[in-house]
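Notes for the one structure printed next.
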Amino acid sequence: MEYNFTRIEKKWQKYWEENKTFKVTEDPAFPKEKRIYVLDMFPYPSGSGLHVGHPEGYTATDIVCRYKRMRGFNVLHPMGWDAFGLPAEQYAIQTGTHPSVTTNHNCDTFRRQIKSLGLSYDWDREINTTDPGYYKWTQWIFIRLYNTWFDEKLQKGRHIDELEIPQEIKVKGKREVREYRDKKRLAYYDNAQVWWCNQCKIVCANEEILNDGSHEKCGSKEVERRNLKQWMLRIPLYAERLLEGLDDLTEWPESVKEMQRNWIGRSTGADVDFEIDGMEEVLKVFTTRPDTLFGATYMVIAPEHELVSKLVTDEYKKAVKDYVKAASLKSDLDRTDLAKEKTGIFTGRYAVNPVNGEKIPVWVADYVLTGYGTGAIMAVPAHDTRDFEYAKKFNIPIRPIMDPEGADEKTRRQVLAGDACWTEDGIYINSADPSRGLDINGLNKEAGISKIIGWLEEKGIGEAKVNYKLRDWLVSRQRYWGEPFPVIHWEDGEISVLDDYELPLKLPELEKYQPGESGESPLANAGNWLKVKDKNGRTGRRETNTMPQWAGSCWYYLRFIDPQNDREPFSKEKEKYWMPVDLYIGGAEHAVLHLLYSRFWHKVLYDLGIVSTDEPYTKLYNQGMILAYAYETKSGSKIPSDEVEERDGRFFSRVTGEELNQIVAKMSKTLKNVVNPDDVVRNYGADSLRLYEMFMGPLEATKPWTESGVKGVFGFLSRVHKFFSERKNITEEPEDKDTLKILHQTIKKVQGDIEGLRFNTGIAKMMEFTNHCIRKGRVSRDSAEKFIICLSPFAPHLAEELWELHGHETTLAFEPFPQYDKQYLVEDTYEYPVSFNGKLRFKLEFPLDMPDSEIENAVLGHESARKWIEGKQVKKVIVVRGKIVNVVVI
RNA sequence: GCCGAAGUGGCGGAACUGGUAGACGCGCUGGACUCAAAAUCCAGUGGUGGCAACACUGUGUGGGUUCGAGUCCCACCUUCGGUACCA
């Protein structure tokens, strides 16, 4: 019988859909440990349709889900669309088509394509972030963020009504109370230095600006800094919780956790106040090395620091002003490009070193950043590489205050002479001022730091401080196609959020989607939508910014739990039933941002009692990227694949005849190496596509697509179909011992590999089993059916078809997964590899229960051994039961 | 520079806590079927030497630990991903 995969796949997809095979309910009959929530990172439905990279993760989770169902689990496995985003809006600007039209069209394409892969989603739970029924709750969560403050003592978010207002604020009046609260809210509206992309006419988050100074989304380098009123979230308040939480995420990849730790960037040190000589001002710095205060020989403040203009003396005014101006025009790219050569300028002013009263010059330099710490540093060139470089360049004194420990003599001499920088531990020298009661000479770093901090705190000029790299999160965008903020700006300057009953605040229909030149969102053109009036006649204007794409994806896993609920984002009972997500699979590119933002929102919701778990995702796994072969000339220029010709395993340009190198690259339109899943499904079937993606290599690895690889697994499935569908191959007689052995090995392997997400080796084992059966030409009905069940999570259509051919009338989706039986796996004998001095020479078969000493005698007495022992002395014989025999001869 | 991941046949990749390196698949070679091709099936396939049995060699490089190292330790090289003066 022909393997008509198209007919088979259509038939079973229809069956699953009509019977709602994979619809799931919160059935109380399943105890908590028999429920599993398996989630894919939902896609952005782009206009170009599904990419072969998408089905990789989707197939992996699908296999786990199908397997778990057969293990008696209640499985939540949903899919949806992260559908807000720029492309639909840009298309609207060009053509006037409403973004929702484009979006729906793209979703339809994605849905059709995903359905053609036979993934066992519960489609009744499909969600779409652009659906007002969905974004109503995104707005609802924003209101919660706005109404939450972070209690540092309890390390917990609490409702703003629970914020105690200090008496001295209360007496000042309503306005001051409001301001006090606004300063505490997790969401706030304020001026922010933001990146502005001139091409997109949009504010971008810091992280959307790439290293080369271009905007991630559009590639344009026309980005600049602007000061604009924006919505921000105080995520740094949760830094400690987000950091500590990582330790409990034992089923997350260490690499992802490490990246998040670095991103959060916790560092401990102290804030220290420096008085400015001849002024009332105090310059506060953050340092991780307060112990090196005696080595501070100058200070640096960032060009954007508010004290710059106050500090600078008349003599230096012009030069400093010019420098600050120049720095402001530099993009971060320029600043880092010039990293090798630091720039800066003296302000004419001196600060007083609190540990010894010494006057040290204050400089302005752009290697100090405004956004980190206090935007000012004390510079200790002898013990900080950046300061060292700078001091060298500007001839600032370098004063060593630490005798290097563990350094070689040469380095030590250089350090002590101020010719080298030492950042490691050592013993303090020159670090005492008896008149101030401070002496750390002779101590090492750890002791020095704590002693100095103690001294600073006692004197009231400094305190221990923890700093994070993590910054406030900018959450507004000047776009139409995003969630509108449920916010009103009143004429008197008050800001208020909508009441829950007013949600969703729907996007208004617009005539044009062009952003305003001034940087205003297209919503500024929304006419009546903008205008509001309260019951006292006060007028207000709606917020015209919208939320970024992160917003919808920050909490979608919660909506899947109860997607049609219109009274609440999800029911508490259902949330308790399913959460947390047991397995979350997606691309590594979301290692930091999406996962960090999402964890942040989740923790806030947890603090407010809205969700029952502290963390959203128990196990995280990153799938690797699927790449494709591409070709380049010897000089490195890329050649589109359709201009390449293969001859004898070498590659040539059809145009120039030049020999080309085969490389592995991302699929791209310009390289013409994009593989379309639709084509693969049409030519080989969804089961082949699924199986190939899993067989290519480890799930987390980056690997190149090859057509011949698909053909390989297609051949396997064809052989499976042919062999197991032919009645003459299936016997009713008892199974042979050797077949039972490989069958049970296969069951064991497949089971273990699904649980460990190592699909490639499980598939290899199933191939071995099939090859074995074909070679034998017969297999028992029982073995065949067990094998079909093993195969079914991977190639569900074919498995269902074979299951039916074997006389079953219902889906195999809930058939119990076979148990492997140890008795078929244990061996009586083992073929021992016998090696001499570690080199394998021959093999001998012995019973597994044969004692070591007998094996030893048998080996040494064997005629094959004679050759290797002759003329030598047997020093030792190592027998590892069931593994190896090694004879040591000299 | 720093952080992370990884280097195994012609290619994708196997190898459990140190115990037969190269499972499985692709490709290639030979054979069967065919007028022929495709498809399919059978056999072989790390390299070198040999008619062969077999021997030598072989997991990025150089050392080390061990009876035994792809696996552990030290140093280095290369590739990929992330990040950018974080005080």
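Everything numeric here is computed off the predicted structure, so don't read it as measured data. Order of the sequence lines sets the chain letters (A, B, ...), proteins ahead of strands, with each chain counted from 1.
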Under the side chain to side chain donor-acceptor pair (under 3.5 Å) test, residues paired with [X] that sit two or more places apart:
X	result
A:E831	none
A:E240	A:R266, A:Y468
A:Y830	none
A:N683	none

Separation of atom [atom1] in [X] from atom [atom2] in [N], rounded to whole Å:
X	N	atom1	atom2	answer
A:L627	B:rU79	CG	C1'	13 Å
A:Y629	B:rC11	OH	C1'	5 Å
A:N837	B:rA69	CG	P	11 Å
A:F723	B:rU40	CZ	P	18 Å
A:H721	B:rU40	NE2	P	15 Å
A:D271	B:rA87	CG	P	13 Å

Inset, instruction - May I ask you to check whether A:S835 and A:N886 show a side-chain donor-acceptor distance below 3.5 Å? - result: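 Note: A:S835 and A:N886 side chains meet the donor-acceptor criterion.
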Legend entry - Residue pair A:E707 / A:Y629, side-chain donor-acceptor N/O under 3.5 Å: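 No, because no side-chain N or O of A:E707 sits under 3.5 Å from a partner of the opposite role on A:Y629.
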Inset, instruction - Give a yes/no answer on whether the side chain of A:R758 brings an N or O atom under 4.0 Å of OP1 or OP2 in B:rA14. - result: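 No, A:R758 has no side-chain N/O under 4.0 Å of OP1/OP2 on B:rA14.
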Legend entry - Whichever of A:E831 and A:N886 has its nearest RNA chain B nucleotide further upstream toward 5':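 Counting from the 5' end, the first nearest nucleotide belongs to A:E831.
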Inset, instruction - Please figure out whether A:G697 or A:G373 has its closest RNA chain B nucleotide nearer the 5' end. - result: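 Of the two residues, A:G697 wins.
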Legend entry - By salt bridge (Lys or Arg N to Asp or Glu O under 4.0 Å) - contacts of A:K748 (at least two apart):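 For A:K748 there are no salt bridge (Lys or Arg N to Asp or Glu O under 4.0 Å) partners, ignoring immediate neighbours.
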Legend entry - 4.5 Å side-chain heavy-atom contact, A:I301 and A:V368: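 In short, these two side chains do not touch, never coming nearer than 4.5 Å.
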Legend entry - Side chain proximity check, A:D271 to A:T374, heavy atoms < 4.5 angstrom: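 They are in side-chain contact.
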Just checking [X]: base, sugar-phosphate only, or nothing, at a heavy-atom cut-off of under 4.0 Å?
X	value
A:V888	sugar-phosphate
A:S835	nothing
A:F769	nothing

Legend entry - Test: A:K765 and A:D753 ion pair at under 4.0 Å: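 No, A:K765 and A:D753 are not salt-bridged.
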Legend entry - Salt-bridge present (A:D425, A:K445; N to O < 4.0 Å):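 No, this pair does not count.
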Which value, in whole Å, describes the distance between the [atom1] atoms of nucleotides [N] and [M]?
N	M	atom1	result
B:rA69	B:rU59	P	11 Å
B:rC3	B:rG60	P	23 Å
B:rG18	B:rU65	C1'	11 Å
B:rA14	B:rU8	P	11 Å
B:rG81	B:rC85	C1'	22 Å
B:rA36	B:rC51	C1'	36 Å
B:rC77	B:rG25	C1'	32 Å
B:rG7	B:rG12	P	12 Å

Inset, instruction - State the CD1-CD1 distance between A:I747 and A:I742, to the nearest 0.5 angstrom. - result: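 It comes to 11.5 Å.
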Pairwise N/O distances under 3.5 Å, protein to nucleotides 2-9 of chain B:
unit_1, atom_1, unit_2, atom_2, d
B:rC3, O2', A:N262, ND2, 3.4

Inset, instruction - Could you check A:E254 against A:R261 for salt bridge (Lys or Arg N to Asp or Glu O under 4.0 Å), going step by step and ending with a plain yes or no? - result: CA-CA 10 Å; A:E254 209 44 57; A:R261 283 189 192 105; 3.4 Å; yes
Legend entry - Inter- and intrachain pairs under side-chain hydrogen bond (donor to acceptor under 3.5 Å, both in side chains), touching residues 838-847 of chain A, at least two apart: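 Applying side-chain hydrogen bond (donor to acceptor under 3.5 Å, both in side chains) to every pair that reaches into residues 838-847 of chain A, excluding sequence neighbours, yields A:T829-A:E845.
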Legend entry - A:W705: ring-ring contact (aromatic ring centres under 6.0 Å, His included) partners, not counting sequence neighbours: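 Per chain and number, A:W705 pairs via ring-ring contact (aromatic ring centres under 6.0 Å, His included) with A:Y692.
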Go through [options] for me and flag the one nearest to the [X] side chain.
X	options	answer
A:P833	B:rC16, B:rU20, B:rA87	B:rU20
A:W263	B:rG13, B:rU83, B:rC85	B:rU83
A:K703	B:rC11, B:rC86, B:rG13	B:rG13

Shorter than 3.5 Å, N or O on both sides, protein versus nucleotides 23-26 of chain B: list them out with atom names.
unit_1, atom_1, unit_2, atom_2, d
B:rA23, O2', A:E768, OE2, 3.0
B:rG25, OP1, A:N771, ND2, 3.0
B:rC26, O2', A:S708, OG, 2.8

Legend entry - Bracket notation of RNA chain B in which parentheses pair within the strand, [ ] cross earlier pairs, and | pairs with another strand (Watson-Crick or G-U, under 3.5 Å): (((((((..(((......[....)))((((((.......))))))((((....))))..(((((..]....))))))))))))....
Name the pairs: protein N/O against N/O of nucleotides 46-56 of chain B, kept only if under 3.5 Å.
unit_1, atom_1, unit_2, atom_2, d
B:rC56, OP1, A:R841, NH2, 3.4
B:rC56, OP2, A:R841, NH1, 2.7

Inset, instruction - Any pair with a residue in residues 745-765 of chain A that passes ring pair (Phe, Tyr, Trp, His ring centres under 6.0 Å), sequence neighbours left out, goes on the list, sorted by first then second residue, please. - result: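 Sorted pair list comes back empty.
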